[in-house]
Amino acid sequence: MQIDKLELYLPEDKIQNKIKDYAEKLNKLYEGKTLYCIGLLNGALFFMSDLLKQLKIQIVIDTMSISSYIGTQSTNKLTIHKDISKDITGQDVLLIEDLIDTGKTLSAVIEQIQAKKPNSLQVVCLADKIAMHPNFNYPYDALFIVPNEFIVGYGFDYNDQFRQLPNVYIWRGE
């Protein structure tokens, strides 16, 4: 692991504080309801876990496994490795994503989820490269706006490295 190529961007305490604040918002919004929480693997795993531990409402958990990157480059092709296994028809759904980059992957996933006819669909991402997706029009919540840099740590990876780091870093490699 090339730790010397990492520049600290978001420390763990700042990430956890934002997650706690967002969970409080969800607890109020979905009080008395069941929220179907769908995490996009593998990137959203850490964010999803920490967010769901803060929720005081009834939840149902599911995941989707998708890919669209090799290294630091987008393939511009979405591959679904695992679809959700729960029936979300008529349910309130929270889609949990790690990063919105171009918005292409998330747009395709949103279409897939909406085709399953949920009552509502709310989207949250940990990090948003807002300058990279000017035409992404679906409403969503972003905990952090990040620069157009390749980031790693806290679920973000470079070729499956660095996901387990508790902070988010800008990758200065290659």
Side-chain angles (χ1 to χ4, degrees), residues 9-68 78 80-146 151 153-157 163-168:
Y9 185 73
L10 292 172
E12 180 179 20
D13 62 333
K14 190 172 185 178
I15 295 168
Q16 294 304 323
N17 286 337
K18 281 271 195 170
I19 290 172
K20 184 178 179 184
D21 289 347
Y22 191 73
E24 288 175 14
K25 174 183 170 180
L26 292 175
N27 285 327
K28 289 176 186 164
L29 188 62
Y30 294 100
E31 186 176 0
K33 298 179 180 180
T34 299
L35 183 61
Y36 280 63
C37 302
I38 301 171
L40 300 183
L41 301 177
N42 286 328
L45 183 64
F46 294 88
F47 173 39
M48 179 180 182
S49 174
D50 287 346
L51 176 62
L52 298 185
K53 286 187 271 185
Q54 296 291 325
L55 294 180
K56 309 290 188 248
I57 56 176
Q58 180 71 37
I59 62 170
V60 175
I61 300 171
D62 208 342
T63 57
M64 288 182 75
S65 178
I66 57 174
S67 62
S68 63
L78 179 69
I80 298 175
H81 304 285
K82 178 201 174 293
D83 202 349
I84 62 172
S85 58
K86 308 275 192 301
D87 180 10
I88 60 169
T89 305
Q91 303 299 326
D92 294 310
V93 174
L94 175 66
L95 183 60
I96 304 167
E97 171 66 300
D98 62 345
L99 173 71
I100 302 178
D101 191 342
T102 64
K104 291 177 186 175
T105 299
L106 189 55
S107 292
V109 171
I110 288 170
E111 283 181 30
Q112 289 248 329
I113 298 293
Q114 286 180 323
K116 298 175 189 304
K117 308 243 185 274
N119 176 55
S120 67
L121 175 59
Q122 183 162 341
V123 176
V124 62
C125 68
L126 178 67
D128 184 7
K129 291 184 181 179
I130 200 163
M132 295 296 296
H133 56 83
N135 299 321
F136 182 77
N137 295 321
Y138 193 85
Y140 65 95
D141 294 318
L143 273 58
F144 296 97
I145 305 299
V146 296
I151 56 176
Y154 197 73
F156 305 109
D157 75 304
R163 283 192 200 277
Q164 78 277 22
L165 300 177
N167 306 301
V168 173

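Note that the numbering runs from 1 along the sequence shown for the chain.
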Is the closest side-chain heavy-atom distance between [X] and [Y] below 4.5 Å?
X    : Y    : answer
V93  : K116 : no
I96  : L52  : yes
N42  : D157 : no
I61  : M48  : yes
F144 : K14  : yes
L121 : I88  : no
I19  : K53  : no
L106 : Y140 : no

Calculate, to the nearest 0.5 Å, the distance between atoms [atom1] and [atom2] belonging to [X] and [Y] respectively.
X   : Y    : atom1 : atom2 : value
Y22 : F47  : OH    : CZ    : 7.5 Å
L95 : Q114 : CG    : CD    : 10.0 Å
D92 : I57  : CG    : CD1   : 9.0 Å
E97 : L126 : CD    : CG    : 10.0 Å
T63 : D83  : OG1   : CG    : 9.5 Å

Original post:
So among I59, L29, L35, which one has a side-chain contact (heavy atoms from CB on, under 4.5 Å) with L94?
Top reply: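 For L94, the side-chain contact (heavy atoms from CB on, under 4.5 Å) check succeeds only for L35.
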Donor-acceptor contact below 3.5 Å, side chain [X] vs main chain [Y]:
X    : Y    : answer
S120 : Q91  : no
N167 : E12  : yes
N27  : K56  : yes
D62  : S85  : yes
K18  : L143 : yes

Subject >> side-chain contact (heavy atoms from CB on, under 4.5 Å) evaluation trace for F136 with S107 >> reply: CA-CA 8 Å; F136 182 77; S107 292; 3.3 Å; yes
Original post:
Any side-chain donor-acceptor pair under 3.5 Å between Y30 and Q122?
Top reply: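 There is such a pair between these side chains.
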